[in-house]
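One-based numbering, in listed order, for ligands and for the atoms of each. In this text the structure is predicted, and so the values were computed from the model without any measurement.
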Amino acid sequence: MKTLFISITMAAFAFTANAADNIPATIHADKAGAKINREIYGQFSEHLGSCIYGGLWVGEDSPIPNINGYRKDVFEALKALKVPVLRWPGGCFADDYHWMDGIGPKSQRPSLRNNNWGGTIEDNSFGTHEFLNLCEMLGCEPYISGNVGSGTVKEMAQWVEYMTSDGDTPMARLRRQNGRDKAWHVKYFGIGNEAWGCGGNMTPEYYSDEFRKFNTYLRDYTGNKLYRIASGASDYDYDWTKVLMDKVGNRMQGISLHYYTCSGWEGPKGSATQFDNDQYYWALGKCLEIEEVIKKHKAIMDEKDPEGKVGLLVDEWGTWWDEEPGTIAGHLYQQNALRDAFVASLSLNVFHKYTDRVKMANIAQIVNVLQSMILTDQEGTGHMVLTPTYHVFEMYTPFQEATYLPVDLESEVMAVSRGYYKVKKKAMDEGYRPCPMLSASAAKTQDGSIVLAVTNVSLDKDQTIDFRIDGFTAKQVSGRILTSANVADFNDFAHPAVVAPRDYKDAKLKNGVLTVKVPAKSIIVLNIK
Ligand code: AHR
């Protein structure tokens, strides 16, 4: 297979300390960038399939061990991830959801039909109290998606009042009647979701007016200031961003972006666990194109908002494969292989790089749906498994709130087609995407050490990289590696640790140079002191 070499950044490499075949790289601890917003590690929990019911929530009377109805094993695993923000109740579900049906005594809550996702009947036992209490227990910010599509201004305004008013107001009184005295802290509030599609099929001009109207009536109650998020573009819809930046402007603090890897637009989605080499590289090329997409939306925002007041929030991203055979249609239950771990790692590396504009990202979704952290058994036997994606999020926790450090690294690049799965044997040209084999991201943590993530997506080529670290004297290095024999390997209930992190000992410091052996198909996260 013929490949070409490019420099991921345009840096010149002036030193020669590396052994003959080692790849030279530089970590610029002397050129620190912005703080990596912890919200980039955000999660998304929609009423979809078994994300809420059977995933996060089993109810107090369940034989599955629970804490006041929340699955204990899932809760504990999520606690270890330091989830910074959790989005709820959708997704498409949000624009069909009427929050008043999910408060008060559970026995009196009306059931609903989940129109977007398989027509499943839900009993509304998980509502506003259950969600906001979960966020408090996890120590994360709630991110509520309000209903613009089928809801009213009054309904949305009352929801904000119910959650955040501590005064003697009608909705605060209703909340107290339902057992919660103090208002919750709710910062992030989405005014609609996918307004161009399931959220109302609107034009950007029409939605901008809707945003302005709904937004007018969402009050900041004492002690709570809403960060107002507009329903943003899908993938390559730059016009949507442009119109909203013009017409909504600084009335919003954030605008969202949705970007999925392989959701079926450019070819079949394919199986989560059965794919060939071309499909593998093709998916990673699609994943990495998120950088171009972010850059283009950011360029529009930079022009209209040079002070950077409006954040770009990638509040839905991740892999979207075929549903697992035998599972309920519309529930989007998919397995999660080492390939998914690469999508997580490469995407997070991109978000770090644009953290000055990318203020939040929410992988879709937290449990049992699309690229989830956790899978629970669909038969209710109480089994749970951590996915390879979970392990990436856990290994990357030191990046939360660390200061971004630029990295120069050369890499072999594969050219992958924009259409059906094809990996090009010749040089890249129009219609092909670059898929570099190596990717790295570094940051200075609050304790003064450096966290470095290095990913080698090559199926067959081990690499050794010599990192020079400018502006930092390294004395000690330790780390972990996530790899497996096959990129299609995954964890299931019978084999929960096929893809799991292990200690990594192949990083050496000599004369200020950090030499890292990066096996094919691996993700390494190092702590450098
Ligand atoms: O995450 C699944 C769905 O994808 C969400 O409900 C919707 O917003 C998007 O199209």
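- In the model, Thr261 has no side-chain atom that pairs as donor or acceptor with a side-chain atom of Gln371 under 3.5 Å.
- Residue contacts with ligand 1 for Leu370 involve side-chain atoms from C-beta outward but no N, CA, C or O (heavy atoms, distance under 4.0 Å).
- Salt-bridge check for Lys106 with Asp123: failed, with every basic side-chain N at 4.0 Å or more from each acidic carboxylate O.
- Shown are Asn147, Asn124, Thr152; of these, the side chain to side chain contact (heavy atoms under 4.5 Å, CB included) with His98 is made only by Asn147.
- When only non-hydrogen protein atoms are considered, atom 9 (C) of ligand 1 lies nearest to Glu316 OE1, 3.0 Å.
- When only interatomic distances are considered, the shortest N/O to N/O separation between Gly91 and ligand 1 does not fall below 3.5 Å.
- Counting heavy atoms under 4.0 Å from ligand 1, residue Trp320 touches it through the side chain alone.
- A heavy-atom distance below 4.5 Å is not found between the side chains of Asp315 and Phe44.
- For Phe93, no heavy-atom contact with ligand 1 is shorter than 4.0 Å.
- Figure legend: cation-pi geometry between Arg339 and Phe275, with NZ or CZ positioned under 6.0 Å from the six-membered ring centre and within 45° of its axis.
- Neither the backbone nor the side chain of Asn116 comes within contact range of ligand 1; no heavy atom lies under 4.0 Å.
- Summarising the geometry, atom CG belonging to Leu370 is positioned 5.5 Å from atom OH belonging to Tyr260; distances are rounded to the nearest 0.5 Å.
- Given atom 10 (O) of ligand 1, the protein heavy atom at minimum distance is Glu194 OE1, 2.8 Å.
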